[in-house]
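Structure, as structure tokens:
Order of the sequence lines fixes the chain letters, A, B, ..., with proteins taken first and strands second; residue numbering starts at 1 for each chain.
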2 protein chains.
Amino acid sequence: MLSRIGDKWSVLVIMLIRDRSRRFSELKRDIGGISQRMLTLTLRNLERDGLVTRTVTPSIPPRVDYELTALGHSLAEPVQALGSWAFAHMAQIDAAQARYDAGAAGTRAGDP
Amino acid sequence: MLSRIGDKWSVLVIMLIRDRSRRFSELKRDIGGISQRMLTLTLRNLERDGLVTRTVTPSIPPRVDYELTALGHSLAEPVQALGSWAFAHMAQIDAAQARYDAGAAGTRAGDP
DNA sequence: CAGAATCCCAACTGATACTG
DNA sequence: CAGTATCAGTTGGGATTCTG
């Protein structure tokens, strides 16, 4: 399961459909940077895990909506918490990385 | 940052050193299944992110302890929440997957 | 519009051997 | 003990093309 959470696309999808159902193309557009292949795979996996439902409307053109299940909603909470943490501490982490990288550059004292 | 959380090894390490600092070999043994290479890389990244401290004791044999920073501890909480969720809903997810896979096998009705 | 299939390169990872 | 270095195998993910 952690592998699914670890998948950044899954997290983004969950966040996006948390409030309302979304169409495939809508997700693709809103996420931006995801290939349709990855979006398809991500949604399949989430569906397989019982986290989202897939509703096909057989019209022309076809239409598919994705929505969180109850299970999906219960997951969305801790995921959201993690997201908030990441957002809140982004600056600290960037700073830490910069510090670390600076130190690693010249392992000897007064280098750069 | 999500990429770090997604890394299963990172999560395990964080969980393990949450209560007390641990030595390299201790982590390797307790995690089991991780190569020393991956453990090294994982710890490096966590250190770079400012989530763990690395304390070298230059004795013979050498000794290195890893410990969570304050930042690391603040991350451990939401991570723990997520872990709890995963554990609590493991059965539901397995069931959902089994159902999905069964359905996928024979897309036609009464197949298996 | 939504998705399946194919190709192909890059990144991650494990096993092994060597060092301070 | 705690790494680093190297090699080879597996996987991930993007771009492209084709359908109902």
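Pairs passing the salt bridge (Lys or Arg N to Asp or Glu O under 4.0 Å) check and including a residue from residues 43-61 of chain A, sequence neighbours excluded, read A:R4-A:D49, A:R48-B:D101. The salt bridge (Lys or Arg N to Asp or Glu O under 4.0 Å) analysis of residues 82-94 of chain B, with sequence neighbours excluded, yields no pairs. For the ring-ring contact (aromatic ring centres under 6.0 Å, His included) condition, the pairs that include at least one residue of residues 29-88 of chain A, sequence neighbours left out, are A:W85-A:H89.
Contacts of B:R63 classified as side chain to side chain donor-acceptor pair (under 3.5 Å), with partners at least two apart in sequence or in another chain: B:D65. Under the side-chain contact (heavy atoms from CB on, under 4.5 Å) criterion, B:L12 pairs with B:W9, B:I31, not counting sequence neighbours. B:D30 is linked by a salt bridge (Lys or Arg N to Asp or Glu O under 4.0 Å) to B:R22, counting only residues two or more places apart in sequence or in another chain. Judged as a side-chain contact (heavy atoms from CB on, under 4.5 Å), and not counting sequence neighbours, the contacts of B:S25 are B:R23. Applying the side chain to side chain donor-acceptor pair (under 3.5 Å) criterion to B:Q36, with sequence neighbours excluded, gives no partner residue.
Note that the two end axes of the helix from C:dC1-D:dG20 to C:dG20-D:dC1 enclose an angle of 50°, each drawn from 5 base pairs, rounded to 10 degrees.
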Give the B/S/- string for nucleotides 12-20 of chain C, one per nucleotide from 5' to 3', where a protein heavy atom under 4.0 Å of the base yields B, of only the sugar-phosphate yields S, and otherwise -. -BBBBB--B
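In this structure, the CD atom of A:E26 is 12 Å from the P atom of C:dC1, given to the nearest Å.
Using a 4.5 Å cut-off between side-chain heavy atoms of Ile, Leu, Val, Met, Phe, Trp and Tyr, A:I60 forms no hydrophobic cluster with any other residue.
Using a 4.0 Å cutoff to heavy atoms of chain B, the contacted part of DNA chain D runs 5' to 3' from D:dC1 to D:dT6.
A distance of 11.0 Å separates CG of A:L75 from CD of A:Q80, quoted to the nearest 0.5 Å.
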